[in-house]
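Below you'll find the structure, written out as C-alpha cells, and then a few comments.
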Amino acid sequence: MKIAVLPGDGIGPEIVEQAMQVLLALRTDGVRVEMETAPIGGAAHDATGDPLPASTLALAEAADAVLMGAVGGPKYDTLPRAERPEQGLLRIRKALGLFTNLRPAIVYPELADASSLKPELVAGLDLMILRELTGDIYFGQPRGRRTLDNGEPEGFDTMKYSASEIRRIAHVGFAIARKRSRRLCSVDKANVLDTSILWREVVTEVGAAYPDVELSHMYVDNAAMQLVRAPKQFDVMLTGNMFGDILSDEASMLTGSIGLLPSASLDANNKGLYEPIHGSAPDIAGKGVANPLATILSVAMLLRYSGNDETSADRIERAVRQVLSDGLRTADIARPGESTVGSAQMGAAVVAALARQHR
Ligand code: NAD
C-alpha cells in the first residue's frame, strides 16, 4: 500500500510520527506499506501560500490511503477564508470524493469513568456512526442571503438528497453492519422532512438486499436522546450529513476521551483519508504530551478499510487495549494524581505491545 502522510499543524506532526512508528513496526513484520509525507493546512500555507498545494493533492490521489494529523491554529485565524488551513481539508475530501465518514465511539473498560455518563451506561460501548459527507444541507443549492420585502435580511439553505446518494451510503452501512453485529439503525426526521421520507424509503429498499441485517429507523431527536440514555442499544448508526455531524460529536463525547477516537472518510472504492477526530490542539503543541492513540487507531482503520488487512488492524487495536490495561496514560486520559507518559513513550509502548504479540 502507498500511504500519503499529511502531518499538518500543531500536535499533528507529533502524533503522526508515533503512528508512522507503528506502521514501520508492522512493515518489519511483513506488512507492505510505503509512506511519503507532504504538507497540508497551515504548514502548507507557510511553505507555499496554499493550504492544499497541487503536489500534496497529487500525492494523495496517487496513494491508496491518506493518513492525516490535524490542521489549524491561531496563527492562521486571520487569513482570508480560502487560505485557511481547514480549506485544505475540505478541498482534499471533496477532490477525493470521500462521501462516507466512519466514526467509531469505543469506551475501553479501563476508561469508563472518563465519560460524563455513569460508567455502567458506557462501559464496553462500541458504536459506529456512519455519516454521509458530501451531500445534504451543507452542499445543497440554492443557499445564501436575501432581503425580504419588508427590508429584513433572511438566510436560507437547501436540504436535499438524491436517491442515488442515499443508496450508495446505505450500501456501505449494510456492508459495515455485516462485518459487525448485523444491526443498522438509520436516523432521519421523516415525520417532518421530505428529504427524510425519501431517505427512509431508499434505505428500506436497499435493506431488502441484506436480509441478514436487522434494520431499524429512528427520528434524529429521539436518537440524540437515546445516545445519552442508553447508548449501548446501538451498533451501527446510518445518518445524513447534518444529523451525523451532530450525533457523531455527541457520541464521541460519551467516551470522554477525544485523544482516543479515530475516523475514516472513504470513497466508492474504499480509498480513504484517516485522521483522529480531534484538532491540532495548539495549547499543547510542541510539548510532546499529546495522546497519539487516536492517530494510531486511525492506522488500524486504514489497514482494515483501505488495506483489507483485518489481521493487522486487529493487532493494533489489541496493542492499544494492552497499553491501556497496563496503565499507561497520557495527560488527557489520566485521573488526577495518576502518573503520565508523553506521546513518544505511548507510541513506543504500542510498538512494544505489538512485538509481544509474537511471543
Ligand atoms: P482540539 O481538538 O484541537 O482541542 C480541544 C482540546 O482537546 C484541547 O484542550 C486539546 O489540548 C485537547 N486535545 C485534542 N487532541 C488531543 C490529544 N491527541 N491529546 C491530548 N489532548 C488533546 O479542538 P480546538 O481547540 O477547538 O481546535 C484547535 C484547532 O484545531 C483549530 O484551529 C481548529 O480549527 C482545528 N481543528 C482541526 C480539525 C481537523 O484537522 N480535522 C478538527 C477540529 C479542529
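In listed order, ligands and their atoms are each counted from 1. Note that the structure is a prediction, hence the values are computed from the model and not measured.
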Exercise. Considering only heavy atoms, which of Glu86, Arg84, Met68, Met346 lies nearest to atom 33 (C) of ligand 1?
Worked result: Glu86
Exercise. Of the backbone atoms (N, CA, C, O) and the side-chain heavy atoms from C-beta on, which set of Pro74 has a member under 4.0 Å from an atom of ligand 1: side chain, backbone, both, or neither?
Worked result: neither
Problem set entry | Flag: protein heavy atom within less than 4.0 Å of atom 21 (N) of ligand 1 | yes
For this session: Using the ring of Tyr210 (Phe, Tyr or Trp, six-membered ring only), decide whether Arg178 places NZ or CZ under 6.0 Å from its centre and within 45 degrees of its axis.
Result: no
For this session: Taking only heavy atoms of Ile284 into account, list the atoms of ligand 1 that are under 4.0 Å away from them.
Result: 11 (O), 20 (C), 21 (N)
For this session: Compute whether any side-chain donor of one residue and acceptor of the other, for Glu132 and Thr134, lie under 3.5 angstrom apart.
Result: yes
For this session: Measure Asp77 to ligand 1 on non-hydrogen atoms and call it side chain, backbone, both or neither using the 4.0 Å cut-off.
Result: neither
For this session: Could you point out which residue of Ile15, Val320, Leu261 forms a side-chain contact (heavy atoms from CB on, under 4.5 Å) with Leu293?
Result: Val320
Exercise. Taking atom types as modelled, is there a side-chain donor on Thr48 or Asp50 under 3.5 Å from an acceptor on the other?
Worked result: no
For this session: Indicate yes or no: does Glu154 engage Arg146 in a salt bridge with an N to O separation below 4.0 Å.
Result: yes
Exercise. Protein heavy atoms: any of them under 4.0 Å from atom 25 (O) of ligand 1?
Worked result: no
Exercise. When you measure from atom 10 (C) of ligand 1 to each heavy atom in Asp283, Asp9, Ile15, which option holds the nearest one?
Worked result: Asp283
Exercise. For atom 37 (C) of ligand 1, which candidate among Val71, Leu90, Thr330 holds the nearest heavy atom?
Worked result: Val71
Exercise. Considering only heavy atoms from C-beta outward, does the side chain of Thr158 approach that of Arg143 to under 4.5 Å?
Worked result: no
For this session: Check ligand 1 against Ala70 and write out every atom of the ligand that is under 4.0 Å from a heavy-atom position of the residue.
Result: 40 (O)
For this session: Measure from atom 23 (O) of ligand 1 to every heavy atom in Ala294, Pro276, Gly279 and give the option owning the shortest one.
Result: Gly279
Seminar exercise, completed: Nearest heavy atom to atom 32 (O) of ligand 1, choosing from Gly73, Ala281, Gly42, Ala331, belongs to Gly73
For this session: Could you tell me which atoms of ligand 1, counted from 1 in the order shown, lie closer than 4.0 angstrom to a heavy atom of Ala290?
Result: 19 (N)
Exercise. How about Asp149: does its CG atom have over 12 heavy atoms from other parts shown lying under 6.0 Å from it?
Worked result: no
Seminar exercise, completed: In ligand 1, the atoms that come under 4.0 Å of a heavy atom of Gly72 are 32 (O)
